[in-house]
Amino acid sequence: VDQFYSQCDPEKENLCLYGHPNESWEVTMPADEVPPEIPEPALGINFSRDGMCKKDWLSLVAVHSDCWLVAVAFYFGARLNGNERKRLYSLINDLPTLFEVVTGRISVKDNQPGADGRSKSWNSTKRSIDGQARSKHELLEESLGEVDDAENDETFCGSCGGSYNSAQFWIGCDICERWYHGKCVKITPAKAENIKQYKCPSCSTKKARH
């Protein structure tokens, strides 16, 4: 933060905060070409630095940076179809915003899938009121039912991007906690009953790389 703060000198010309694909960042002048190759970040973030409380200024820059990151994502997503764009937005929402991190409203660790208190995992043993153990398939249906009923909280398949439909069988990854159509990951309800810990294709590939 101190390094970023010192680079945003109000005595300099219009400066922008750029984030790069390799996770590095840079404070520099805006692009010369019009229109630019991709959407540009907020212009002149340095001018208001000394006229605001440091935390308020950082929060304002964070909000504009969040807007820019979404703009860049949907610039490249313009060629995607509807379901692919839904999946893209769902992936974006899996991460905390810069504003949330800067203001301390949420940490990166706190914003892992399922951190809102509604467990998406169906791997643990639960019992009904009468003391009878319920199957994983029943727990899965119950958990997905809660997701289906939640306002403004739609679940999308991590493979095809399709939205949740209670008429279809879904399975949740115990690692990343994303949901998938059973048919997309080639898992049937019967096969799911014998899986102690399900890993989606993406998580299985990541482990293999390590």
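All residue numbers in this chain count up from 1 along the given sequence.
- The aromatic rings of Trp57 and Phe4 sit parallel to each other, their planes meeting at less than 30°, with 60° as the upper class boundary.
- In this structure, Cys176 and Cys200 have side chains that are in contact, with non-hydrogen atoms separated by less than 4.5 Å.
- Closest approach of Lys54 to Val1, counting heavy atoms only: CE-CG1, 4.0 Å.
- Heavy atoms only, all atoms of each residue included: Cys173 and Tyr180 are closest at CB-CE1, 4.3 Å.
- Hydrophobic clustering (side-chain heavy atoms under 4.5 Å, transitive across Ile, Leu, Val, Met, Phe, Trp, Tyr) keeps Val101 apart from Trp25.
- No side-chain heavy atom of Leu15 sits less than 4.5 Å from a side-chain heavy atom of Phe47.
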Under 3.5 Å, which donor-acceptor pairs link side chains of residues 63-77 to any protein atom two or more places apart or in another chain?
residue : atom : partner : partner atom : Å
Ser65   : OG   : Val61   : O            : 2.9
Asp66   : OD1  : Leu98   : N            : 2.8
Asp66   : OD2  : Leu98   : N            : 3.3
Asp66   : OD2  : Phe99   : N            : 3.0
Trp68   : NE1  : Pro39   : O            : 2.8
Tyr75   : OH   : Glu37   : O            : 2.8

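- For the pair Gln7/Thr28, no side-chain contact is recorded, criterion being any heavy-atom separation below 4.5 Å from C-beta on.
- Proximity of Ser24 to Tyr18: side-chain heavy atoms (C-beta onward) are nowhere separated by under 4.5 Å.
- Between the SG atom in Cys53 and the CG atom in Leu58 there is a gap of 8.5 Å [rounded to 0.5 Å].
- When all heavy atoms are compared, the tightest approach of Asn46 to Glu13 is ND2-O, 3.1 Å.
- The shortest non-hydrogen separation linking Ala62 to Val102 is CB-CG2, 4.0 Å.
- Inter-residue side-chain proximity for Cys8 and Val27 is flagged as met; some heavy-atom pair is nearer than 4.5 Å.
- Other residues, nucleotides and ligands contribute only 12 or fewer heavy atoms inside 6.0 Å of the OH atom of Tyr89.
- Here the NE2 atom belonging to His181 is positioned 14.5 Å from the CD1 atom belonging to Ile187, to the nearest 0.5 angstrom.
- Between Phe156 and Arg178, every side-chain heavy-atom pair lies at or beyond the 4.5 Å cut-off.
- In this structure, Lys55 places its NZ atom where only 12 or fewer heavy-atom neighbours from other residues, nucleotides or ligands lie under 6.0 Å away.
- Put simply, CD on Glu11 and CZ on Arg49 are 9.0 Å apart, with the number rounded to the nearest 0.5 Å.
- Shortest non-hydrogen contact noted between Tyr198 and Pro201 is OH-CD, 3.7 Å.
- Of the possible polar contacts, one joining the Ser6 side chain to the Asp2 backbone as a donor-acceptor pair under 3.5 Å is found.
- Within the 4.5 Å cutoff, the side chain of Leu80 has no heavy atoms near those of the Arg87 side chain.
- Taking CD1 of Ile45 as the start and CG of Asn14 as the end, the distance is 10.0 Å to the nearest 0.5 Å.
- Atom NZ of Lys186 is separated from atom NZ of Lys191 by 9.5 Å, given to the nearest 0.5 angstrom.
- Atom SG of Cys16 and atom CG of Leu43 lie 5.0 Å apart (nearest 0.5 Å).
- There is a path of hydrophobic side-chain contacts, each under 4.5 Å, that joins Val185 to Phe169.
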